[in-house]
Amino acid sequence: MVRGFSSIENHFISLIHASKTTSHLRQIHAQILHHGLIESSSMVVTQFIASCSSFKSINYALSIFHNFPNPNLYIFNALIRALSDNSQFQSLISYFSLMLQQNVRPDHLTFPFMLKSAMSLLEFRLGATLHAGIAKLGLEFDSFVRISLVDMYAKVGSLDHALQLFDETPVRTKATNMLLWNVLINGCCRSGDVQRAVKLFEAMPERTSNGDHKRALDTFYRMLDVGVKPNDFTVVSALSACSRIGALDAGVWIHDYILGNEFRINKEIGTALVEMYAKCGEIERANRVFCALKEKDLLTWSVMISGWAIHGCCEQALSCFEEMKSTGINPDEIVFLAVLTACSHAGLVDQGLLVFNSMWFHSVKPTVKHYACMVDLFGRAGRLEEALKFIESMPIEPDFVIWGALFCACRAHKNIEMAELASKRLLQLDPKHAGSYVFLSNIYAGAGRWEDVERVRHTMKSRHIEKPPGWSFIEVQGCVHSFIAGDQSHVLTEGIYRKLEELTVRAREQGYMPNTGWVLHNIEEEEKEDSLGSHSEKLALAFGLISTPSGSVIRIVKNLRVCGDCHSMMKFASRVCEREIVLRDIKRFHHFKDGACTCGDYW
DNA sequence: ATAGGGTTAG
């Protein structure tokens, strides 16, 4: 019972709180209407909107809102929160404008939800505008607002802003401090997320670099240095940063830290650990951690299955999938995608078809990604006619990725006519996409039409169409080094290039010719040819060779697909330098040993 | 003190 309101209001508040479904709400609605409260009690309406939101009935919430004359701050805040919780970020912004128009002054509870929309939309400008508004209203030092600001800046990739605000936050309670550290670390690794990085690259005034994962780890260590004890959220974020950059040593260190500091290995931590080992190349260890977990949910199974898939272990992926189903967990679309990917990489067409067809039984509707995976499955195996038939029979409109998969398969299996068909579709679909230009350029190059190649490249440059830069990470003695193509910023640059030169010369002597013609590349992800000789993964390899003890495993992580030339070089280096090289690219793992790769040159 | 408060895994 809340004091200060009429007993009839309190009566309805209790009813609203006790409601379990939208239809309960509708019954209460009728009564409130009868009492005239729906247009007069801002308190009741506020509660009502909040409850609609928790049942995901955002349109119901909006209709209630629109029936209330002169909504006050509480009602606006409830609505903004509802829109935020239901991911209606665009309309949230217009209701915020409406709020300002109606002279309702936003407060310290309005802004965090507004900032959340800036994060979700990856809108630096919106975030900065909100920040200015916050300062104007003197809300900058409210701890909730502060945390949201740091969170927002970190998530949209403006880590400098985030760090500055973080450092400039004077008074912190223990809880605030913990949250500040966690949102900063988590934001660092999120902003380094490849997909986000691509989006940011297109949308942001300040481009993010994938070195941000490294900053997440640095921040984690800084936290320990100043004696702040990490909690569950912190270690999950730090492990996630390790997963993304393949920092195995750091990941193991954090695992030990968890074991030594009385953490309970809950679902979140367990899943993060399994993912870390899987994505850092230690699939067997991932499996051991996975088997020992007491709590597993869909996500846990999902990272394990994806782990087997990216390591090319199709059998294990399939049996893990079966085991998951037998425990009564219903697979979702991401799990299916992982299983299909595993089948595709192993060339198991019929098995893949079986899995694809079983999606209906689990009421999982295939998305365009699943269809693309199926095209890839047929295409890789050289069953091009079936791939085309599959595309024609799809209930959805084929997109860029689907035609791209067919194109690659046609190229690999040398079906020129079908490749032409696919490339035409590609160009129709997305004339602005950087990948289209590279596709076009490659088609011309293949036909020897060099003037056309030049023209396309020129157009690309003049329209400022750029591709996300390729980068590679290598961890040496717990320290992560990142390289981009042609990188000269590393302190050991001279030695790196000398080693690379030496390797290239020896490779040529022994007849290692880059043979990329038949490789199943997604051309969209390829790097520019002119920097082929100093691709980031080659630089990372050379650095690894000169800075790690002989005989030790070299682990490299790349954000794009490995190129054919670099792949040959890795095979060569694994033999002549007697090193095992574990390379993770965006799609899968390559384990090089004695001049061969576990992908069987089929990726 | 008239209602409303924050982070983590595929």
Side-chain angles (χ1 to χ4, degrees), chain A residues 1-6 9-10 12-14 16-17 41-51 53 72-82 84-85 106-113 115-116 119 142-152 154-155 173 175-190 193 195 216 230-244 263 265-276 278-279 286 293 295-307 309-310 324 331-339 341:
Chain A
M1 174 104 160
V2 182
R3 275 172 294 134
F5 288 103
S6 70
E9 283 180 311
N10 281 317
F12 283 119
I13 299 293
S14 315
I16 292 167
H17 283 171
S41 169
S42 64
M43 189 221 193
V44 169
V45 167
T46 300
Q47 302 295 323
F48 205 93
I49 290 173
S51 283
S53 166
N72 65 4
L73 176 64
Y74 291 105
I75 292 182
F76 267 110
N77 279 352
L79 183 73
I80 283 175
R81 184 175 178 195
S84 165
D85 286 348
D107 70 353
H108 61 118
L109 294 167
T110 320
F111 283 106
F113 298 110
L115 289 166
K116 212 173 187 178
M119 293 178 221
D142 177 87
S143 71
F144 186 16
V145 173
R146 266 274 144 151
I147 291 161
S148 301
L149 275 171
V150 173
D151 199 11
M152 182 278 294
K155 281 196 181 125
T173 64
T176 304
N177 196 27
M178 193 68 233
L179 279 159
L180 274 172
W181 279 103
N182 284 348
V183 298
L184 189 62
I185 290 169
N186 186 43
C188 286
C189 48
R190 288 260 203 116
D193 181 290
Q195 282 172 6
N231 66 7
D232 288 9
F233 291 87
T234 328
V235 295
V236 168
S237 296
L239 283 170
S240 155
C242 294
S243 300
R244 288 166 208 249
F263 279 88
I265 311 259
N266 58 16
K267 283 196 300 263
E268 288 82 5
I269 294 179
T271 306
L273 279 171
V274 173
E275 194 194 8
M276 183 276 291
K279 291 215 172 150
L293 289 181
E295 296 174 28
K296 291 174 193 162
D297 66 2
L298 178 64
L299 258 66
T300 322
W301 286 96
S302 174
V303 298
M304 194 62 235
I305 293 169
S306 305
I310 58 176
M324 180 189 106
D332 71 353
E333 71 265 15
I334 294 170
V335 172
F336 273 111
L337 198 58
V339 179
T341 308

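Values reported hereafter were calculated over all heavy atoms of this structure, with side chains retained and with hydrogens, waters and symmetry mates removed. Naming convention: chains lettered A, B, ... in sequence-line order (proteins, then strands); numbering from 1 in each chain.
If you take CE of A:Met324 and P of B:dG10, they are 16 Å apart, rounded to a whole angstrom. Rounding to whole angstrom units, CG of residue A:Leu273 and C1' of B:dT8 are separated by 13 Å. Atom CD1 of A:Ile265 is separated from atom C1' of B:dT8 by 14 Å (rounded to the nearest Å). Rounding to whole angstrom units, NZ of residue A:Lys279 and C1' of B:dA9 are separated by 10 Å. Rounded to a whole Å, the CE atom of A:Met276 is 16 Å from the C1' atom of B:dT8. The interatomic distance linking A:Asp297 (CG) with B:dT8 (C1') rounds to 12 Å, in whole Å. With rounding to whole Å, A:Met304 atom CE is found 20 Å from B:dA9 atom P. In this structure, CD1 of A:Ile269 is placed 14 Å from P of B:dT8, rounded to the nearest angstrom.
Residue-level contact check: A:Thr46 touches the bases, meaning some heavy atom is under 4.0 Å from a base atom. Among the protein residues, A:Asn266 comes within range of no part of the nucleic acid, since none of its heavy atoms lies under 4.0 Å from any strand. At the heavy-atom level, A:Glu268 lies under 4.0 Å from base atoms of the strands shown. Across all strands, A:Ser143 comes closer than 4.0 Å to base atoms (heavy-atom distances). Within 4.0 Å (heavy atoms only), A:Val274 reaches no atom of the nucleic acid at all.
Dashed line: the shortest gap from a side-chain N or O of A:Asn186 to OP1 or OP2 of B:dT7 is not under 4.0 Å.
Residue A:Leu239 forms a side-chain contact (heavy atoms from CB on, under 4.5 Å) with just one option from A:Glu268, A:Arg244, A:Met276, and that option is A:Met276. For the side-chain contact (heavy atoms from CB on, under 4.5 Å) with A:Ile305, the qualifying choice from A:Leu337, A:Ile310, A:Val339 is A:Val339, the only one to do so.
Among the nucleotides B:dT8, B:dG10, B:dT7, the one closest to the side chain of A:Asp232 is B:dT8. For A:Phe233, the side-chain atoms get nearest to B:dT8 when compared with the rest of B:dA9, B:dT8, B:dA3. Side-chain atoms of A:Thr271 lie closest to B:dA9 of the nucleotides B:dT8, B:dG10, B:dA9. Here the nucleotide nearest the side chain of A:Leu179, chosen from B:dG10, B:dT7, B:dA9, is B:dT7. Closest to the A:Val335 side chain, of the nucleotides B:dA9, B:dG10, B:dA3, is B:dG10. Distance from the side chain of A:Tyr74 is smallest to B:dA3 among B:dA3, B:dT7, B:dG10. The side chain of A:Phe5 approaches B:dT2 more closely than any other nucleotide in the set B:dT2, B:dA9, B:dG10. Listed nucleotides: B:dA3, B:dG10, B:dA9. Nearest to the side chain of A:Ser302: B:dG10. Checked against B:dT7, B:dT8, B:dA9, the side chain of A:Asn231 finds its nearest nucleotide in B:dT7. Of the candidate nucleotides B:dA3, B:dG10, B:dT7, B:dA3 has the atom lying nearest to any side-chain atom of A:Met43.
Distance check: A:Asp332 CG to A:Ser302 OG gives 6.5 Å after rounding to the nearest 0.5 Å.
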Start with the C-alpha gap between A:Lys296 and A:Trp301, add the side-chain angles, then the distance that decides, and say whether side-chain contact (heavy atoms from CB on, under 4.5 Å) holds. CA-CA 7 Å; A:Lys296 291 174 193 162; A:Trp301 286 96; 3.9 Å; yes
Set out, in order, the CA-CA distance, both residues' side-chain angles and the distance that settles side-chain contact (heavy atoms from CB on, under 4.5 Å) for A:Gln47 and A:Val44, then state yes or no. CA-CA 5 Å; A:Gln47 302 295 323; A:Val44 169; 5.9 Å; no
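A donor-acceptor contact under 3.5 angstrom links the side-chain atoms of A:Ser42 to the base of B:dA3.
A:Ser148 and A:Asp151 are not linked by any side-chain donor-acceptor pair at a separation below 3.5 angstrom, with hydrogens and angles left out of the test.
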